[in-house]
Amino acid sequence: QVLLVESGGGLVQAGGSLRLSCAASGRTFSTYAMGWFRQAPGKEREFVAAISWSGGSTYYADAVKGRFTISRDNAKNTVYLQMDSLKPEDTAVYYCSADKFGLNPILVREYDYWGQGTQVTVSS
């Protein structure tokens, strides 16, 4: 069982930055691939970024490539999402997720555990 708790969301102006954190419980955190997804009102949950269990591989959606950076600290059981150059279209609830196998990190259905989400609002 892995419990995930996101933090760091908030209201920011376009062009600004936020850093999301996801704290995980359990001793097996370092064996899971981790992902960030987001869901805007009336839209499906979509992939944002993912990182392998070792941190050696990262994946990004085209919409955030070059602006967002995912990282992890296995010693702290925490995964981060640094979001720069934010745009109004980045407004959504952001979810942290854990995937035991990490075979298809961009797919929602591959993830086993989810956090409760944190709201990110970008004003124009």
Side-chain angles (χ1 to χ4, degrees):
Q1 183 77 6
V2 177
L3 296 179
L4 304 172
V5 180
E6 302 97 335
S7 62
L11 173 64
V12 64
Q13 289 188 333
S17 298
L18 283 175
R19 188 194 196 202
L20 305 184
S21 299
C22 173
S25 67
R27 300 178 181 178
T28 59
F29 171 78
S30 62
T31 68
Y32 282 77
M34 300 297 295
W36 285 97
F37 290 76
R38 66 187 182 187
Q39 188 166 16
K43 295 188 177 181
E44 293 187 353
R45 192 167 299 189
E46 65 175 5
F47 170 74
V48 175
I51 189 167
S52 62
W53 65 270
S54 67
S57 297
T58 56
Y59 311 86
Y60 296 95
D62 288 343
V64 307
K65 202 171 292 183
R67 300 187 298 120
F68 290 12
T69 304
I70 189 171
S71 61
R72 67 189 296 162
D73 185 338
N74 285 344
K76 295 182 178 180
N77 278 17
T78 303
V79 63
Y80 305 96
L81 185 68
Q82 177 66 42
M83 305 186 296
D84 298 319
S85 302
L86 283 161
K87 304 175 181 180
E89 51 263 45
D90 294 319
T91 295
V93 177
Y94 283 70
Y95 296 92
C96 172
S97 53
D99 174 9
K100 188 171 180 60
F101 299 106
L103 298 178
N104 288 291
I106 70 171
L107 298 179
V108 172
R109 65 173 183 265
E110 292 292 309
Y111 287 80
D112 305 289
Y113 303 101
W114 294 85
Q116 83 289 350
T118 185
Q119 177 71 47
V120 171
T121 303
V122 184
S123 63
S124 58

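In what follows, every heavy atom counts, from backbone to side chain, and hydrogens, waters and symmetry copies are set aside. This chain uses plain numbering: 1 for the first residue, then up along the sequence.
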Atom CG of Leu11 and atom OG1 of Thr91: how far apart are they, to the nearest 0.5 Å? 8.5 Å

Could you list the residues that satisfy side-chain hydrogen bond (donor to acceptor under 3.5 Å, both in side chains) with Ser25, not counting sequence neighbours? none

Distance from Cys22 atom SG to Asn77 atom CG, nearest 0.5 Å? 10.0 Å

Got a second to check how far Ile106's CD1 is from Asp99's CG, nearest 0.5 Å? 12.0 Å

Exercise: identify the closest heavy-atom pair between Tyr95 and Gly115: CD2-O, 3.6 Å

Closest heavy-atom pair, Ser85 versus Ser17, reported as atoms and distance to 0.1 Å, is N-OG, 4.4 Å

For the residue pair Ile51 and Val79, what are the closest heavy atoms and their distance? CG2-CG2, 4.2 Å

Can Tyr113 and Lys100 be said to form a side chain to side chain contact (heavy atoms under 4.5 Å, CB included), step by step? CA-CA 9 Å; Tyr113 303 101; Lys100 188 171 180 60; over 6 Å; no

Pair Val64, Arg38 - check side chain to side chain contact (heavy atoms under 4.5 Å, CB included), show working. CA-CA 12 Å; Val64 307; Arg38 66 187 182 187; 4.0 Å; yes

Does NZ or CZ of Arg72 come closer than 6.0 Å to the centre of the six-membered ring of Phe29, within 45° of the ring's axis? yes

Distance col, row Thr118:OG1 vs Trp36:CH2, nearest 0.5 angstrom, shows 7.5 Å

Between the CZ atom in Phe101 and the CH2 atom in Trp53, the distance rounded to the nearest 0.5 Å is 15.0 Å

Over all heavy atoms of both residues, which pair between Ala14 and Ser124 is shortest? Give the atoms and the distance, please. CB-CA, 4.4 Å

Centres of the Tyr111 and Phe37 rings: under 6.0 Å? yes

Taking the side chain as everything from C-beta on, heavy atoms only, tell me whether Trp114 gets closer than 4.5 Å to Cys96. no

State plainly whether the residues Asp62 and Lys65 are in salt-bridge range, i.e. N to O under 4.0 Å. yes

Can you find a pair of side-chain heavy atoms, one from Asp90 and one from Arg67, that are under 4.5 Å apart? yes

Using a 4.5 Å cut-off on heavy atoms from C-beta on, say whether the side chain of Ile70 contacts that of Tyr60. yes

Of the non-hydrogen atoms in Gly9 and Val120, which two are nearest, and what is the gap between them? CA-CG2, 4.2 Å

Heavy-atom side-chain contact between Leu4 and Met34 under 4.5 Å: yes

Are Phe68 and Leu20 close enough that some pair of their side-chain heavy atoms sits under 4.5 Å apart? no

Heavy atoms, side chains only, cut-off 4.5 Å: are Glu6 and Tyr94 in contact? no

Taken to the nearest 0.5 Å, the spacing of Glu46 CD from Gln39 CD works out to 9.5 Å

Taking the side chain as everything from C-beta on, heavy atoms only, tell me whether Val2 gets closer than 4.5 Å to Asp112. no

